[in-house]
Amino acid sequence: MNNMTEVDTERIVYVTEDGEPTGETAPKLAAHHEHTRLHLAFSCYLLRSSDQALLITSRAATKKVWPRVWTNSVCGHPAPGEPIEEAVRRRAAFELGLPRLNGLRCVLPAYRYSTPPFEGVVENEFCPVFVAWVDEDPEPHPDEVGDWRWLSWNDYALLLNDDVTDVSYWAKDQFSQLKDAEPFSSLQNGTPVRDNGAEPSSS
């Protein structure tokens with residue numbers, strides 16, 4: 001069923017297996033179905049500056065793609081011609097009410113995945129993965145986010161293996177690569193991490 005709470009005005013960018021745009025675009029919602037073509041996207045993990053806790057979100061029940069599942073902080077699609085870093089900031093502001101991202105950087109530039117069907121929809125993305133730091137709690141858009149919480153990286157690892165909690169395919173899949181990449185490998189070992197030169201807020 002189409003998501004009636006979200007106006008289908010955004011367009012996604014189709015890409016090759018190497019992430020190069022093909023020149024083709026399509027309406028975002030209409031393009032997601034059981035035969036979704038490979039397109040450009042991003043995932044971003046937001047850490048709280050004061051204690052390095054990770055923001056995770058539960059996708060709103062009205063979302064067409066993977067509704068009601070817990071996942072990383074924010075995901076989205078760059079618009080045609082939009083730099084991907086600008087798309088990350090745009091969606092963080094729209095979905096989470098967090099327009100200020102500190103130390104934003106790409107940690108998995110060539111991440112690629114395709115999901116099994118979930119309620120009839122397959123996700124199929126070339127999806128660079130980012131990390132950034134924030135100082136405030138989110139004020140999420142209700143059409144995008146149903147719930148949210150802060151977790152330590154180690155508690156997040158436990159959540160991904162929880163048989164009771166529904167977690168997105170890509171969150172589980174990305175973890176295998178992220179756990180050995182900075183800053184997450186340091187968080188896993190309990191080492192304090194700061195964003196790119198910015199001082200964390202006091203707790």
Side-chain angles (χ1 to χ4, degrees), residues 41-63 65-78 84-108 111 113 123 125 127-162 164-179 181-196 198-203:
F42 69 82
S43 284
C44 187
Y45 291 72
L46 300 180
L47 301 175
R48 187 164 55 187
S49 298
S50 60
D51 60 1
Q52 311 303 310
L54 171 67
L55 176 64
I56 64 169
T57 57
S58 176
R59 293 169 65 83
T62 52
K63 298 281 282 184
V65 180
W66 288 72
R68 302 177 303 278
V69 299
W70 284 94
T71 191
N72 55 293
S73 310
V74 60
C75 304
H77 304 85
I84 195 164
E85 292 84 357
E86 291 184 14
V88 175
R89 295 182 186 279
R90 172 175 59 84
R91 293 302 299 185
F94 177 73
E95 291 190 23
L96 300 172
L98 293 172
R100 294 197 312 160
L101 305 184
N102 302 317
L104 177 66
R105 67 176 188 260
C106 188
V107 289
L108 298 178
Y111 176 71
Y113 77 103
E123 189 60 282
E125 296 181 335
C127 182
V129 179
F130 290 78
V131 65
W133 285 258
V134 295
D135 297 314
E136 302 87 20
D137 283 340
E139 297 181 4
H141 193 301
D143 289 343
E144 301 292 336
V145 176
D147 200 359
W148 59 273
R149 68 179 68 156
W150 295 103
L151 287 181
S152 72
W153 185 250
N154 289 332
D155 284 344
Y156 177 64
L158 294 175
L159 179 74
L160 295 179
N161 294 310
D162 183 353
V164 176
T165 305
D166 287 331
V167 180
S168 74
Y169 176 95
W170 59 90
K172 293 182 178 180
D173 193 53
Q174 289 167 3
F175 182 79
S176 64
Q177 298 178 54
L178 287 175
K179 64 184 178 64
E182 288 294 344
F184 304 105
S185 57
S186 294
L187 296 179
Q188 188 170 260
N189 297 326
T191 305
V193 179
R194 296 184 177 186
D195 60 78
N196 291 346
E199 291 294 323
S201 303
S202 57
S203 45

Novice: Let's go through L54 and S73 carefully: what are the C-alpha distance in whole Å and the side-chain angles of both, what is the deciding distance for side chain to side chain contact (heavy atoms under 4.5 Å, CB included) to 0.1 Å, and is it a yes or a no?
Specialist: CA-CA 8 Å; L54 171 67; S73 310; 3.9 Å; yes
Novice: Do the non-hydrogen side-chain atoms of W170 and N72 ever get within less than 4.5 Å of each other?
Specialist: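 Heavy-atom side-chain distance check passes, below 4.5 Å.
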Novice: Would a 4.5 Å heavy-atom cut-off, applied to side chains only, mark L47 and P183 as touching?
Specialist: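 Yes, side chains in contact.
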Novice: When rounded to the nearest 0.5 angstrom, what is the spacing between CG in L178 and OG in S185?
Specialist: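 The distance works out to 10.0 Å.
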Novice: Quick one: does R89's side chain have a donor or acceptor within less than 3.5 Å of a partner on L101's backbone?
Specialist: yes
Novice: Could you check whether Y111 and Q177, counting side-chain N and O atoms only, form a donor-acceptor pair closer than 3.5 Å?
Specialist: no
Novice: Check V145 against A60 and note the closest heavy-atom contact, atom names and distance.
Specialist: N-CB, 3.9 Å
Novice: Are any of the side-chain heavy atoms of Y156 and F184 separated by less than 4.5 Å?
Specialist: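 Answer no - side chains too far apart.
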Novice: Check this for me, if you would: do R100 and E136 make a salt bridge, where the nitrogen-to-carboxylate-oxygen distance has to be below 4.0 angstrom?
Specialist: yes
Novice: Main chain of L158, side chain of D162: is a donor-acceptor contact present, judged purely on distance under 3.5 Å?
Specialist: no
Novice: Do you know which two heavy atoms are closest between E123 and V65, and how far apart they sit?
Specialist: OE2-CG1, 3.6 Å
Novice: Kindly determine whether L98 and D137 satisfy side chain to side chain contact (heavy atoms under 4.5 Å, CB included), including the steps that lead there.
Specialist: CA-CA 8 Å; L98 293 172; D137 283 340; over 6 Å; no
Novice: How about D51 and W150: does a side-chain donor come under 3.5 Å of a side-chain acceptor?
Specialist: no
Novice: What distance separates R149 CZ from L159 CG, expressed to the nearest 0.5 Å?
Specialist: 6.5 Å
Novice: Got V167 and T71 here, is their nearest side-chain heavy-atom distance under 4.5 Å?
Specialist: no
Novice: Quick check: F175 with W153 (ring centres under 6.0 Å apart)?
Specialist: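 Yes.
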Novice: CH2 of W148 to CG of L96: how many Å apart, nearest 0.5 Å?
Specialist: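 Going from CH2 on W148 over to CG on L96, the span is 10.0 Å.
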Novice: Indicate whether any N or O donor in one side chain lies under 3.5 Å from an N or O acceptor in the other, for T57 and W70.
Specialist: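 Absent: no donor and acceptor within the cut-off.
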Novice: Measuring from L55:CG to R48:CZ, what's the distance to the nearest 0.5 Å?
Specialist: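 Spacing of CG (L55) from CZ (R48) equals 9.0 Å.
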Novice: So which heavy atom on A87 is nearest to which on P78, and how close?
Specialist: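 In this case the closest contact between A87 and P78 is CB-CA, 3.7 Å.
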Novice: Hey, can you tell me if Y113 and Y169 have their rings parallel, tilted or perpendicular (30° and 60° cut-offs)?
Specialist: parallel
Novice: Does the side chain of S49 come under 3.5 Å of the side chain of D135 through a donor N or O and an acceptor N or O?
Specialist: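 A donor-acceptor contact under 3.5 Å links the two side chains.
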Novice: What heavy-atom pair brings K63 and D143 nearest, and what distance separates the two atoms?
Specialist: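 Closest heavy-atom pair between K63 and D143: CD-O, 3.6 Å.
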Novice: With a 4.0 Å cut-off on N to O distance, would you call E144 and R91 a salt bridge?
Specialist: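 A salt bridge links E144 with R91.
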Novice: Under the side chain to side chain contact (heavy atoms under 4.5 Å, CB included) criterion, do V131 and R105 qualify, and how do the steps go?
Specialist: CA-CA 6 Å; V131 65; R105 67 176 188 260; 3.8 Å; yes
Novice: Give the intermediate values and the outcome of side chain to side chain contact (heavy atoms under 4.5 Å, CB included) for residues L104 and C44.
Specialist: CA-CA 9 Å; L104 177 66; C44 187; 4.2 Å; yes
Novice: For the atom pair CH2 (W133) and CD (Q52), what is the distance rounded to the nearest 0.5 Å?
Specialist: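 Result: 7.0 Å between the selected atoms.
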Novice: Does the side chain of F130 reach to within under 4.5 Å of the side chain of S43, using non-hydrogen atoms?
Specialist: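 No - every pair of side-chain heavy atoms lies 4.5 Å or more apart.
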Novice: Could you tell me the separation between the CZ atom of F42 and the SG atom of C127, rounded to the nearest 0.5 Å?
Specialist: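 Going from the CZ atom of F42 to the SG atom of C127 covers 8.0 Å.
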Novice: Please report the shortest heavy-atom distance between E95 and C75, naming the atom on each side.
Specialist: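 Scanning both residues completely, I find the closest heavy atoms to be OE2-O, 3.0 Å.
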